[in-house]
Amino acid sequence: MPTLHLGNHRCTVTNLINIDSVKLSCKNCSLSELCLPRSLSPEDLARFEEIVTQRPPIPKGGALYRSGEPSHALYAIKSGALKSIVTTEDGEEQIVGFHMPGELVGFDGVESVHNCTVVSLERSSVCELPLKDLEFLSQKISSLHREVCTVMRREISQEQSMLLLLARRTAESRLASFLVSLSRRLGSRGFSQTDFNLVMSRHDIANYLGLAAETVSRLISKFQEAGILSVNRRRVVIRDLDALNGKVGTCSSAKSA
DNA sequence: GCATTAACATGCC
DNA sequence: GGCATGTTAATGC
């Protein structure tokens with residue numbers, strides 16, 4: 001039986017086909033406690049389900065949408081993982097975010113056009129939430145409106161944290177921060193927060209953190225030597241989460257003025 | 001193809 | 001000079 005790795009879960013292709021063929025139901029979704037409709041009453045959930053459609057699964061390397069395309073929806077990630085990329089004027093690619101199951105993507109739509117390309121890191125399934133329907137429903141359902149605002153505030157807060165990280169933190173602090181963030185996000189979504197697969201390459205991690213891939217490798221080795229992590233290829237086991245958290249706060253004295 | 005490691009280079013304090 | 005990080009090249013999985 002062929003198998004696919006989805007996060008740190010493994011399931012059969014047969015299972016996936018069965019899941020895909022099921023009529024979309026937020027109520028029965030394993031991520032219902034994390035996704036937008038989590039605070040809705042059964043009646044409002046039924047109205048919400050009417051605006052949601054499931055997109056065909058995106059293969060590894062496939063794009064959910066590309067920069068310049070019209071922005072008309074938000075997307076809730078059901079399974080898999082994706083990355084957001086901005087291409088600079090000189091053709092350089094900068095990764096500006098990784099997206100895990102239970103999270104929303106599509107906030108980069110400015111004046112109805114996306115300014116990011118979102119690419120699947122492994123076979124991914126997403127639910128599409130059309131913006132005009134979401135706006136209409138948010139006016140009718142106050143708890144949905146609050147939830148959308150909460151997600152947007154969280155997005156802005158994360159962007160600010162990332163700016164601070166890139167401006168002020170050492171390479172060691174950046175990598176520790178990245179791993180702690182990933183651990184928290186996976187942990188809050190029912191996955192192990194100390195034992196997981198990195199769905200992104202070292203090159204992607206380095207690009208996202210503004211480092212060289214070799215620096216990421218060196219730091220991973222350093223963390224292993226300190227007993228903080230065990231890493232085998234993309235499998236990460238966090239041995240000492242407190243120590244890893246301690247590395248997050250390490251600001252560069254050269255940059256801390 | 002991707003990850004790791006070593007040697008060397010560079011910039012900052 | 002010491003430290004942090006980047007670049008290049010070699011090597012292994």
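Side chains are part of it too, since the values below use all heavy atoms of this structure and drop only hydrogens, waters and symmetry mates. Chain A is the first sequence line, chain B the second, and so forth, proteins listed ahead of strands; every chain is numbered from 1. Since the model is a prediction, treat every value here as computed from it, not as a measurement.
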ask   = Remaining members of A:Tyr65's ILVMFWY cluster at a side-chain heavy-atom cut-off under 4.5 Å?
value = A:Ile58, A:Leu64, A:Tyr75, A:Ile77, A:Leu82, A:Val105, A:Val118, A:Val126

query = Which ILVMFWY residues can you reach from A:Leu164 by hopping between side chains whose heavy atoms are under 4.5 Å apart?
reply =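 Once heavy-atom contacts under 4.5 Å are chained together, A:Leu164 still belongs with nothing else.
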
When the distance from [atom1] of [X] to [atom2] of [N] is rounded to whole Å, what number comes out?
{"X": "A:Glu122", "N": "B:dC2", "atom1": "CD", "atom2": "P", "result": "16 Å"}
{"X": "A:Leu209", "N": "C:dT5", "atom1": "CG", "atom2": "P", "result": "12 Å"}
{"X": "A:Arg202", "N": "C:dT5", "atom1": "CZ", "atom2": "C1'", "result": "18 Å"}
{"X": "A:Leu175", "N": "C:dG6", "atom1": "CG", "atom2": "P", "result": "12 Å"}
{"X": "A:Asn232", "N": "B:dT4", "atom1": "CG", "atom2": "C1'", "result": "12 Å"}
{"X": "A:Ile205", "N": "B:dT4", "atom1": "CD1", "atom2": "C1'", "result": "14 Å"}

task = Evaluate side-chain contact (heavy atoms from CB on, under 4.5 Å) for A:Lys83 paired with A:Ile85, printing each intermediate quantity in order.
result = CA-CA 6 Å; A:Lys83 61 180 176 181; A:Ile85 304 166; 3.7 Å; yes

request  = Enumerate the residues from residues 213-231 of chain A whose closest heavy atom to DNA chain C is under 4.0 Å, giving them by residue number; use none for an empty result.
outcome  =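 Residues of residues 213-231 of chain A that come under 4.0 Å of DNA chain C are, in numerical order, A:Glu214, A:Thr215, A:Arg218.
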
query = By side-chain contact (heavy atoms from CB on, under 4.5 Å), which residues pair with A:Ser142, not counting sequence neighbours?
reply =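 Checked A:Ser142 against side-chain contact (heavy atoms from CB on, under 4.5 Å); matches are A:Arg146.
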
remark   = Residues passing the side-chain contact (heavy atoms from CB on, under 4.5 Å) test with A:Asp44, sequence neighbours excluded, are A:Leu40, A:Ser41, A:Arg47, A:Ile141

key: Sequence-distant partners of A:Glu214, side chain to side chain donor-acceptor pair (under 3.5 Å), two or more places apart   =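 For A:Glu214, no residue satisfies side chain to side chain donor-acceptor pair (under 3.5 Å) once neighbours in sequence are set aside.
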
Toward the 5' end of DNA chain C, by each residue's nearest nucleotide, A:Leu211 or A:Arg233 = A:Leu211

